[in-house]
Amino acid sequence: DSVDLTLDTINNKYVSLDMGFPYVNVNGAMGIDLDLSFSSDLIKVSGSILGDNSDVSFVTSSLQASLFSDEYFEVNKSEKKESSMNALVDLDIIAGQRVQILFNPLLRGVVVPDTRLKFYMDTKTGDFSLKGDVSLRGGEIVWLNRNFYMKEGRILFNETQDNMDPRLTVRAETRERDNSGNQVTIILSSTNQLLSAFNPILSASPAKSERE
């Protein structure tokens with residue numbers, strides 16, 4: 001009637017995984033401690049994944065809408081087929097060393113080790129949640145066709161099936177030269193802004209007018 005498996009990496013060894021779920025994909029070297037159960041109509045996955053030298057990529061509906069047309073979504077919706085197989089996923093995603101969090105094409109951030117995300121999904125009921133407070137210690141933001149190098153950052157996830165729009169707090173910098181050839185540091189900052197409404201403040205050192 002069913003098959004139950006326990007998967008556990010040992011002796012600090014890792015396996016290469018590429019796991020895709022709605023809104024999130026985890027790819028890289030992973031230490032795993034998972035319980036899996038397979039039956040005729042349900043797959044259950046629970047436990048924890050420790051990422052090392054890994055990427056955690058997110059796509060939000062709001063960000064997608066800014067990148068693709070409505071026709072893109074309508075085509076993909078029409079191609080989807082209902083499945084008799086349901087999935088129940090309950091995972092702790094833990095950051096090890098050299099883990100990046102990606103919101104392409106806007107942000108790439110290096111996650112502080114031992115940061116945790118809680119991911120839950122039930123395809124039968126449609127329930128989905130992603131919760132966590134992610135601190136960043138490096139990376140970059142692409143804005144106004146420039147790369148701003150991140151000095152500090154934080155992404156707050158409190159997402160459900162009804163809303164996928166995390167809040168972003170960042171401070172990033174880039175350097176350019178003004179009309180006189182003097183070097184200027186341009187500072188990009190935002191505080192607790194929804195990703196879909198990201199509109200950072202720009203300032204400069206030495207100080208410049210907004211027009212400059």
Side-chain angles (χ1 to χ4, degrees), residues 22-29 51-70 72-73 93-119 129-160 162-212:
Y23 303 112
V24 58
N25 186 87
V26 183
N27 179 279
D52 193 82
N53 195 23
S54 304
D55 293 340
V56 182
S57 304
F58 293 92
V59 181
T60 70
S61 56
S62 299
L63 188 57
Q64 281 178 323
S66 70
L67 298 176
F68 300 106
S69 66
D70 292 336
Y72 172 87
F73 289 104
I93 302 174
I94 308 167
Q97 301 295 323
R98 300 177 300 279
V99 173
Q100 294 188 129
I101 195 166
L102 305 170
F103 283 95
N104 289 321
L106 174 66
L107 179 147
R108 177 187 65 84
V110 180
V111 180
V112 172
D114 204 35
T115 297
R116 295 171 180 252
L117 283 171
K118 184 72 174 180
F119 178 82
S129 68
L130 179 67
K131 300 184 183 297
D133 190 344
V134 178
S135 295
L136 306 174
R137 62 176 183 180
E140 60 188 4
I141 291 177
V142 179
W143 190 253
L144 300 178
N145 294 320
R146 290 167 173 82
N147 290 340
F148 289 80
Y149 297 96
M150 197 178 307
K151 297 297 184 180
E152 56 184 286
R154 179 188 180 198
I155 306 174
L156 184 62
F157 292 94
N158 188 24
E159 317 310 312
T160 68
D162 299 319
N163 184 63
M164 181 67 181
D165 201 3
R167 292 185 174 272
L168 183 61
T169 298
V170 296
R171 178 183 173 86
E173 297 179 358
T174 191
R175 293 183 179 181
E176 293 196 15
R177 294 191 179 274
D178 62 16
N179 293 333
S180 300
N182 299 315
Q183 186 169 274
V184 179
T185 299
I186 303 174
I187 303 157
L188 176 151
S189 60
S190 71
T191 302
N192 203 34
Q193 287 188 344
L194 291 172
L195 185 65
S196 63
F198 185 66
N199 188 26
I201 297 171
L202 295 176
S203 58
S205 177
K208 299 286 182 181
S209 69
E210 182 177 355
R211 179 176 179 81
E212 289 176 299

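Because only heavy atoms are used, hydrogens play no part in the values below, and waters and symmetry mates are left out as well, while side chains stay in.
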Give me the atom names and distance for the closest heavy-atom approach of Gly181 to Arg177.
O-NH1, 2.8 Å
Can you find a pair of side-chain heavy atoms, one from Asp52 and one from Arg98, that are under 4.5 Å apart?
yes
Residues in side chain to side chain contact (heavy atoms under 4.5 Å, CB included) with Ile93, at least two apart?
Val26, Leu117, Phe119
Closest approach of Lys131 to Glu159 (non-hydrogen atoms, all atoms of both residues):
NZ-O, 4.5 Å
So, do Met150 and Val110 sit near enough that their side-chain heavy atoms are less than 4.5 Å apart?
no
Expected output: side-chain Arg167 to main-chain Asn192 donor-acceptor under 3.5 Å:
yes
Student check: side-chain heavy atoms of Ile94 and Asp114 closer than 4.5 Å
yes
Any Thr115 side-chain heavy atom under 4.5 Å of Val99 side chain:
no
Could you tell me if the side chain of Ile187 sits less than 4.5 Å from the side chain of Lys151, heavy atoms only?
no
Does the side chain of Phe58 come within less than 4.5 Å of Leu195's, by heavy atoms?
no
What pairs of donor and acceptor atoms, side-chain ones from residues 137-147 against any protein atom, are under 3.5 angstrom apart with sequence neighbours left out?
from   : atom 1 : to     : atom 2 : distance (Å)
Arg146 : NE     : Glu176 : OE2    : 2.2
Arg146 : NH1    : Leu144 : O      : 3.0

Here the salt bridge (charged side-chain N to carboxylate O under 4.0 Å, His left out) pairs for residues 196-209, sequence neighbours left out, are Asp178-Lys208
